[in-house]
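In what follows, a structure is listed as structure tokens, so that the remarks can point back to it.
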Amino acid sequence: MCKIGILLLDRDFEHDIYELIKAFYPEGDIHSLYEKDEAVYDIFFTVKKDNDNFVIKYETKDQKGVASAEVIRGADGDSSQETHEKLMDAHELRKANKDSLKYALYNVLVKLTGRTLPWGNLTGIRPAKLAMGMIESGMKNTEIAQEMRERYLVSAKKTALAITIANRERALLQDIDYEHGYSLYVGIPFCPSICLYCSFSSYPLKLWAKRVDEYLDALCLEIRETARMMKNYKLDTIYIGGGTPTTLEPYQLKRLLDQLGESFGFDGLVEFTIEAGRPDSITREKLETIKEFPVTRISVNPQTMNQDTLEIIGRRHTVAQTIEAFHLARELNYNNINMDLIVGLPGEDISKVKYTLEKVKELSPDSLTVHSLAVKRAARLNMFKDKYQEMTFENNQEIMDLTQQTAYSMEMGPYYLYRQKNMKGNFENVGYAKVDKAGIYNILIMEEKQPIIALGAGGSSKLVFDHGKRIERVENVKDVTSYLARIDEMIERKRTGIGTWL
Ligand code: SF4
């Protein structure tokens with residue numbers, strides 16, 4: 001493992017510097033330092049700011065060098081400016097300096113590694129939001145493309161992807177009321193078994209089965225109280241996720257959906273999604289129960305169609321169960337079914353991904369979400385499974401291209417995109433959908449255009465206000481036992497947050 005030191009003589013942009021270096025060395029052991037220490041590093045960076053420049057020095061066993069970037073200065077102290085304008089200027093100035101520093105650092109890293117990154121020097125998780133912002137500021141697609149390629153050094157392919165998605169998102173969101181509308185997320189934190197790569201807060205149903213009704217008691221209380229808090233707003237979309245919502249028994253699903261209908265009402269909903277997620281949780285009776293409500297979209301998630309990989313990653317269901325659950329949903333007239341896939345799973349080379357895509361294509365879902373396995377999750381897989389340590393976690397542009405071509409061949413186009421930290425190869429997660437089957441909630445959560453109120457253990461509400469310019473979060477505790485014990489406190493937190501910000 002490559003040991004990297006970063007000596008920060010100026011702590012501005014510390015996080016951005018770290019993230020960009022991490023993007024080039026995802027498995028590197030990176031240390032941010034504020035004074036030189038005695039340790040030996042394979043690569044050592046020094047970043048400081050003098051009057052006119054950011055200066056980046058680097059040193060390895062056999063090479064050293066220096067690069068600099070201009071420090072951008074704003075108009076000096078005109079005290080007649082309005083405070084708000086000054087704040088905007090300060091924000092924009094900071095961004096301009098961050099871009100300048102990252103541009104230079106990226107070029108240093110390209111020189112050191114001999115590699116470029118598909119997303120250039122962008123380290124944030126929402127590249128389509130950047131493109132959307134430029135569209136909203138009145139820029140033409142060609143101008144956005146130029147900016148993304150020249151300022152952020154994004155590859156031509158990813159630039160095209162981000163702009164395509166931003167334009168499609170814009171069209172899909174045209175009927176959403178950003179000022180008075182909101183979305184609701186409801187979390188069911190139980191799963192049939194815990195997948196080894198899982199990064200959500202989920203608990204094995206077996207251990208919790210006896211307390212699920214108690215969980216629903218608390219959740220229904222939170223639903224009732226939240227509906228009162230949001231009575232002056234219009235509910236646009238509901239997303240029930242987790243965990244796996246279909247771990248609930250039919251009577252529990254009915255109770256939850258009845259409560260949502262009673263408290264919020266379903267009139268005027270643009271979309272209502274339930275993640276059926278794990279095929280081993282899906283039964284005819286549960287799907288029939290859900291069908292009694294105006295649910296518009298479900299997910300049946302294979303992740304892979306290779307049985308041996310399912311066993312490695314601890315998803316205790318079979319490929320046959322996935323196919324059966326999908327057919328069952330179609331038989332019951334579900335006409336908007338999403339499937340989630342993960343690329344970069346242990347031992348899966350392009351031929352295995354190809355096999356999965358062929359099997360998925362035979363089923364013909366309405367949308368497909370392709371996730372790239374993040375390094376952290378891959379490491380967790382290894383941690384748990386010593387015997388798989390030698391397996392490769394492969395993901396490359398060829399695999400990403402194959403997923404895209406297959407989606408296109410199923411008459412789907414990309415409609416949302418996000419990146420995760422430490423994604424191997426610096427790739428992205430992409431949602432593809434047929435013309436009228438895109439998941440609006442997915443776009444809303446990425447573009448941060450309206451509040452998303454999250455209920456249940458681990459729910460993180462995102463309060464978007466001040467015409468979309470500001471965001472505050474209100475978190476519920478993740479642990480189910482604490483959620484049950486502290487439900488009144490969770491409700492009060494929400495009440496305070498909503499009362500203060502919305
Ligand atoms: S099904 Fe999803 S939420 Fe549940 S354990 Fe697996 S990865 Fe985690």
Side-chain angles (χ1 to χ4, degrees), residues 176-177 180-190 202 211-277 281-283 285-299 329 332 334 336-338 439-442 444-445 450-463 474 476 480 483-484 487-488 490-491 493-495 497-498 502:
I176 299 285
D177 182 347
H180 305 103
Y182 72 104
S183 289
L184 196 65
Y185 175 86
V186 182
I188 304 296
F190 309 112
S202 191
R211 297 189 72 188
V212 174
D213 287 316
E214 201 184 325
Y215 180 76
L216 286 179
D217 290 342
L219 184 58
C220 286
L221 178 63
E222 197 184 9
I223 290 172
R224 289 193 295 274
E225 291 299 321
T226 306
R228 280 189 203 116
M229 298 172 210
M230 297 303 291
K231 65 178 187 307
N232 295 327
Y233 291 81
K234 178 187 174 295
L235 182 57
D236 284 323
T237 77
I238 303 179
Y239 192 103
I240 306 185
T244 305
T246 36
T247 48
L248 297 180
E249 292 300 327
Y251 80 91
Q252 293 166 331
L253 276 168
K254 186 165 163 36
R255 179 180 173 199
L256 171 64
L257 294 167
D258 272 336
Q259 183 68 70
L260 284 168
E262 238 167 68
S263 300
F264 289 95
F266 296 135
D267 290 346
L269 277 184
V270 177
E271 180 181 274
F272 189 171
T273 300
I274 297 190
E275 270 196 47
S281 68
I282 298 172
T283 66
E285 212 187 335
K286 290 180 192 181
L287 290 181
E288 282 172 348
T289 303
I290 295 170
K291 259 285 164 197
E292 290 168 25
F293 298 84
V295 170
T296 55
R297 184 174 177 271
I298 63 167
S299 244
L332 295 172
Y334 283 89
N336 190 351
I337 308 178
N338 173 71
I440 306 288
Y441 173 87
N442 290 334
L444 287 169
I445 200 142
Q450 62 164 208
I452 297 197
I453 307 295
L455 312 177
S460 171
S461 298
K462 212 189 263 187
L463 307 179
V474 179
N476 277 356
V480 177
Y483 174 76
L484 296 179
I487 182 63
D488 294 334
M490 297 303 105
I491 291 169
R493 263 188 206 181
K494 209 169 244 103
R495 201 187 310 282
I498 290 171
L502 294 189

Side chains of [X] and [Y], heavy atoms from C-beta outward: is any pair under 4.5 Å?
X: Leu332; Y: Ile290; value: no
X: Asn336; Y: Thr296; value: no
X: Thr273; Y: Asn338; value: no
X: Ile188; Y: Val212; value: no
X: Ile498; Y: Ile453; value: yes
X: Asp217; Y: Arg255; value: yes
X: Tyr182; Y: Leu502; value: no
X: Val480; Y: Arg211; value: no

Quick check against the 3.5 Å criterion: does [X] have a side-chain atom that pairs as donor or acceptor with the backbone of [Y]?
X: Thr244; Y: Thr247; result: no
X: Lys286; Y: Ser281; result: yes
X: Ser299; Y: Glu275; result: no

Measure up the Phe293 and Phe266 rings against each other and bin them: parallel (under 30°), tilted (30 to 60°), perpendicular (over 60°). perpendicular

Do the rings of Phe190 and Tyr215 sit parallel, tilted or perpendicular, given the 30° and 60° boundaries? perpendicular

Determine, step by step, whether Tyr441 and Val270 satisfy the side-chain contact (heavy atoms from CB on, under 4.5 Å) criterion, reporting the C-alpha distance in whole Å, the side-chain angles of both residues, the deciding distance to 0.1 Å, and the verdict. CA-CA 9 Å; Tyr441 173 87; Val270 177; over 6 Å; no

One thing to verify: whether [Y] and [X] come together as a salt bridge, which I'm taking to mean a side-chain N less than 4.0 angstrom from a carboxylate O.
X: Lys291; Y: Glu288; result: no
X: Lys494; Y: Glu225; result: no
X: Arg495; Y: Asp488; result: no

As an exercise, state the distance from [atom1] of [X] to [atom2] of [Y], rounded to the nearest 0.5 Å.
X: Leu221; Y: Leu216; atom1: CG; atom2: CG; answer: 12.5 Å
X: Phe264; Y: Leu269; atom1: CZ; atom2: CG; answer: 10.5 Å
X: Leu455; Y: Thr226; atom1: CG; atom2: OG1; answer: 4.5 Å
X: Gln450; Y: Asp236; atom1: CD; atom2: CG; answer: 5.0 Å
X: Phe272; Y: Leu184; atom1: CZ; atom2: CG; answer: 9.0 Å
X: Leu257; Y: Leu248; atom1: CG; atom2: CG; answer: 9.0 Å

Looking at every heavy atom in both [X] and [Y], which two are closest together, and how far apart are they?
X: Ile274; Y: Pro245; answer: CG2-CB, 4.0 Å
X: Gly181; Y: Pro451; answer: O-CD, 3.4 Å
X: Gly187; Y: Leu219; answer: O-CD2, 4.3 Å
X: Thr237; Y: Ser183; answer: OG1-OG, 2.6 Å
X: Ala227; Y: Ser263; answer: CB-O, 3.4 Å
X: Ala454; Y: Ser460; answer: CB-N, 3.4 Å

Do Asn476 and Glu222 get their side chains close enough for a donor-acceptor pair, meaning under 3.5 Å? yes

Between Ile240 and Val295, is a side-chain contact (heavy atoms from CB on, under 4.5 Å) present by the stated rule, with each step listed? CA-CA 10 Å; Ile240 306 185; Val295 170; over 6 Å; no

Please report the C-alpha distance between Glu262 and Ile223 in whole Å, then the side-chain angles of each, then the deciding distance to 0.1 Å, and finally whether the side-chain contact (heavy atoms from CB on, under 4.5 Å) criterion is met. CA-CA 10 Å; Glu262 238 167 68; Ile223 290 172; over 6 Å; no

